Amino acid sequence: MSTWLQGRVVENRHWTENLFSLRVEAPRLSFEAGQFVRIAVEEKVARAFSFVNPPQDPVLEFYGVVVPQGPLSPRLAQLEPGDRLQVASNPAGFLVLSELPDAETLWLLSTGTGIAPFISMLRTEAPWKRFRNVVLVHAVRHANELVYQELIASTKVKYVTLVSRQMHQTSLSGRIPAALADGRLESAAGLALKAENSQVMLCGNPDMLKDTQAALAARGLRKHRRRTPGQVTVESFW
Ligand SMILES: Cc1cc2nc3c(=O)[nH]c(=O)nc-3n(C[C@H](O)[C@H](O)[C@H](O)COP(=O)(O)OP(=O)(O)OC[C@H]3O[C@@H](n4cnc5c(N)ncnc54)[C@H](O)[C@@H]3O)c2cc1C
Ligand SMILES: NC(=O)c1ccc[n+]([C@@H]2O[C@H](COP(=O)([O-])OP(=O)(O)OC[C@H]3O[C@@H](n4cnc5c(N)ncnc54)[C@H](OP(=O)(O)O)[C@@H]3O)[C@@H](O)[C@H]2O)c1
């Protein structure tokens with residue numbers, strides 16, 4: 001049973017007109033990096049948001065995009081310091097490193113706001129202790145949506161970006177499944193993605209999850225389940 005906790009916005013950073021990061025003071029919550037929690041301005045319109053902050057950080061952080069006509073996200077984007085935000089008391093989710101078998105390389109593949117849970121993970125010790133290589137892939141429409149770059153640069157992660165709707169010098173073009181299928185993703189990371197050496201986490205757009213899983217299946221990687229261990233763990237944002 002979940003209850004609602006009272007949070008208070010301390011910062012609402014706007015990266016672009018449509019992308020924002022909310023920092024929220026709220027009673028302490030217990031969760032693992034990669035999990036999400038429901039948040040609301042009014043309880044009847046609650047939505048799941050992944051934690052961007054690591055569990056040890058007392059201030060909660062959420063990264064969002066304004067979905068035009070969406071019931072909640074436009075309201076979240078307009079919150080200001082001092083405004084109230086309700087946070088459910090029961091974080092949840094299986095996109096967590098404790099569910100993953102060991103491997104040499106951890107691949108974190110995201111589109112849009114799907115980068116949020118991976119930022120939280122990178123800010124914990126677990127990925128660096130458990131995997132020799134950690135690759136973060138972020139695919140966005142436009143280069144100004146490549147958020148959290150400073151934070152990413154402060155970690156040891158191999159960072160590969162894709163920009164689909166404009167040319168961008170330091171990013172691959174197009175989408176993740178194509179870049180995976182033709183080898184550009186591995187070249188950019190300088191690592192091979194194989195069933196024998198990799199665990200892959202996917203987060204974001206459901207069509208990306210579907211198409212990427214097909215590209216991974218063609219290489220012999222299959223969904224990871226507790227009963228039937230595999231290499232691919234997914235979380236769909238809608
Ligand atoms: C487990 C989980 C974790 C999530 N974590 C995040 C997060 O960290 N950040 C975040 O912004 N959203 C996240 N979402 C999506 C979030 O719950 C809302 O759906 C989103 O904020 C839009 O809310 P809304 O009420 O405005 O529109 P909704 O009625 O919820 O959605 C309307 C439509 O908008 C599109 N949409 C929804 N979410 C997104 C998105 N993130 N990016 C692009 N298009 C989208 C879909 O087409 C959807 O059908 C998560 C969802 C799930 C299930
Ligand atoms: N991002 C913005 O600046 C912006 C602005 C206004 C409104 N919005 C709203 O926000 C929502 C979407 O935002 P978003 O840009 O964060 O998410 P998105 O639509 O999921 O796009 C993010 C990335 O995922 C890629 N993608 C889409 N389908 C894919 C597939 N099947 N396989 C692999 N990759 C795939 C996109 O490539 P493609 O470009 O090739 O589709 C893009 O590079 C929409 O409701 C939109 O109206 C966004």
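Here the structure is a predicted model, which is why all the values come from computation and not from measurement. When reading the values below, keep in mind they use all heavy atoms of this one structure, side chains included, and skip hydrogens, waters and symmetry mates. Residue indices begin at 1 and follow the sequence shown.
- By the 6.0 Å contact criterion, CD on Glu43 is enclosed, its count of non-hydrogen atoms from other residues, nucleotides or ligands being greater than 12.
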Item to check | Check against side chain to side chain contact (heavy atoms under 4.5 Å, CB included), Phe36 and Phe51 | outcome: CA-CA 6 Å; Phe36 62 86; Phe51 295 98; 5.6 Å; no

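- In this structure, Arg28 places its CZ atom where more than 12 heavy-atom neighbours from other residues, nucleotides or ligands lie under 6.0 Å away.
- A continuous path of Ile, Leu, Val, Met, Phe, Trp and Tyr side chains, each step under 4.5 Å between heavy atoms, connects Leu108 with Leu146, placing both in one hydrophobic cluster.
- Using cut-offs of 30° and 60° for the angle between ring planes, the Phe20 and His14 rings count as tilted.
- Counting only heavy atoms from C-beta outward, the side chains of Trp238 and Val67 never approach each other to under 4.5 Å.
- A salt bridge links Glu42 with Lys44: the distance from a Lys NZ or Arg NE/NH1/NH2 to an Asp or Glu carboxylate oxygen falls below 4.0 Å.
- Ring-plane geometry between Trp15 and Tyr63 is classed as perpendicular, the angle between the planes exceeding 60 degrees on a 0 to 90 degree scale with a lower cut at 30.
- When only modelled atom types and interatomic distance are considered, Glu32 and Ser98 share a side-chain donor-acceptor pair under 3.5 Å.
- Follow the hydrophobic side-chain contacts under 4.5 Å out from Leu5 and you reach Leu22 in the same cluster.
- The closest donor-acceptor contact from the side chain of Asn12 to the backbone of Leu76 lies under 3.5 Å.
- Taking the side chain as every heavy atom from C-beta outward, Phe118 and Leu109 never approach each other to under 4.5 Å.
- We find the CD1-OG1 distance between Ile119 and Thr124 to be 11.5 Å, quoted to the nearest 0.5 Å.
- Between the side chain of Gln166 and the backbone N or O of Ala143, at least one donor-acceptor pair lies under 3.5 Å.
- Both Val234 and Leu221 sit in one connected hydrophobic cluster of ILVMFWY residues. Membership requires side-chain heavy atoms under 4.5 Å apart, directly or through other members.
- Taking both residues in full, the closest heavy atoms of Leu106 and Pro127 are given as CD2-CB, 4.4 Å, listed atom of the first, atom of the second, then distance.
- At least one side-chain heavy atom of Cys203 sits less than 4.5 Å from a side-chain heavy atom of Glu235.
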Next on the checklist: Test side chain to side chain contact (heavy atoms under 4.5 Å, CB included) on Val147 and Val140; report intermediate values, then the result.
Outcome noted: CA-CA 10 Å; Val147 294; Val140 295; over 6 Å; no

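- Without hydrogens or angle criteria, Gln199 side chain to Gly230 main chain gives a donor-acceptor distance under 3.5 Å.
- Under the 4.5 Å side-chain heavy-atom criterion for Ile, Leu, Val, Met, Phe, Trp and Tyr, Leu172 and Leu180 are members of the same hydrophobic cluster.
- You'll find the side chain of Arg175 stays beyond 4.5 Å of the side chain of Thr111, heavy atoms only.
- Here Leu19 contributes atom CG and His142 contributes atom NE2; the two are 11.0 Å apart, rounded to the nearest 0.5 Å.
- From Ser154, atom OG reaches atom CZ of Arg123 across 8.5 Å, with rounding to the nearest 0.5 Å.
- Interatomic distance, Lys223 NZ to Thr233 OG1, rounded to the nearest 0.5 Å: 9.0 Å.
- Considering all non-hydrogen atoms of both residues, Val200 and Leu193 come closest at CG2-CD2, 4.1 Å.
- A salt bridge links Glu186 to Arg219: at least one charged side-chain nitrogen sits closer than 4.0 Å to a carboxylate oxygen.
- When all heavy atoms are compared, the tightest approach of Leu29 to Leu60 is CD1-CD1, 4.0 Å.
- Atoms CD and OG1, on Glu145 and Thr16 in that order, are 6.0 Å from each other to the nearest 0.5 Å.
- Residue Lys158 holds its NZ atom at 13.0 Å from CG of Leu136, rounded to the nearest 0.5 Å.
- Counting non-hydrogen atoms of other residues, nucleotides and ligands closer than 6.0 Å to CZ of Phe94 gives a total of 12 or fewer.
- A heavy-atom distance below 4.5 Å is not found between the side chains of Arg38 and Arg47.
- Formation of a donor-acceptor pair under 3.5 Å by the Arg75 side chain with backbone atoms of Ala40 is not found in this model.
- Contact detail for Pro91 and Ser30: the closest heavy-atom pair is CG-O, 3.6 Å.
- Within the 4.5 Å cutoff, the side chain of Tyr159 has heavy atoms near those of the Gln149 side chain.
- Of the possible polar contacts, none joining the His224 side chain to the Pro101 backbone as a donor-acceptor pair under 3.5 Å is found.
- Thr105 contributes no side-chain N or O that, together with a main-chain N or O of Val134, makes up a donor-acceptor pair within less than 3.5 Å.
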Next on the checklist: I'd like to know whether Val157 forms a side chain to side chain contact (heavy atoms under 4.5 Å, CB included) with Trp128, so could you lay out the CA-CA distance, the side-chain angles of the two residues, the decisive distance to 0.1 Å, and finally the verdict.
Outcome noted: CA-CA 9 Å; Val157 79; Trp128 319 108; 3.9 Å; yes

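- Within the 3.5 Å criterion, the main-chain N or O of Trp4 finds no donor-acceptor partner in the side chain of Ser89.
- With hydrogens and angles disregarded, a donor-acceptor distance shorter than 3.5 Å links the side chain of Arg130 to the backbone of Leu100.
- No path of Ile, Leu, Val, Met, Phe, Trp and Tyr side chains, each step under 4.5 Å between heavy atoms, connects Leu209 with Phe237, placing them in separate hydrophobic clusters.
- Taking all atoms of both residues into account, the shortest heavy-atom contact from Val96 to Gln35 is CG1-CG, 3.6 Å.
- The closest side-chain heavy-atom distance from Val135 to Leu185 is not below 4.5 Å.
- By the 6.0 Å contact criterion, CD on Gln56 is enclosed, its count of non-hydrogen atoms from other residues, nucleotides or ligands being greater than 12.
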Checklist entry - Run the side chain to side chain contact (heavy atoms under 4.5 Å, CB included) check on Asn53 and Arg23 step by step: do they pass? => result CA-CA 9 Å; Asn53 60 297; Arg23 284 167 54 77; over 6 Å; no

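- Thr113 contributes no side-chain N or O that, together with a main-chain N or O of Val65, makes up a donor-acceptor pair within less than 3.5 Å.
- Looking only at distances, a side-chain donor or acceptor of Arg222 sits under 3.5 Å from a matching main-chain atom of Pro229.
- Here the shortest heavy-atom pairing between Pro177 and Thr212 reads CG-OG1, 3.5 Å.
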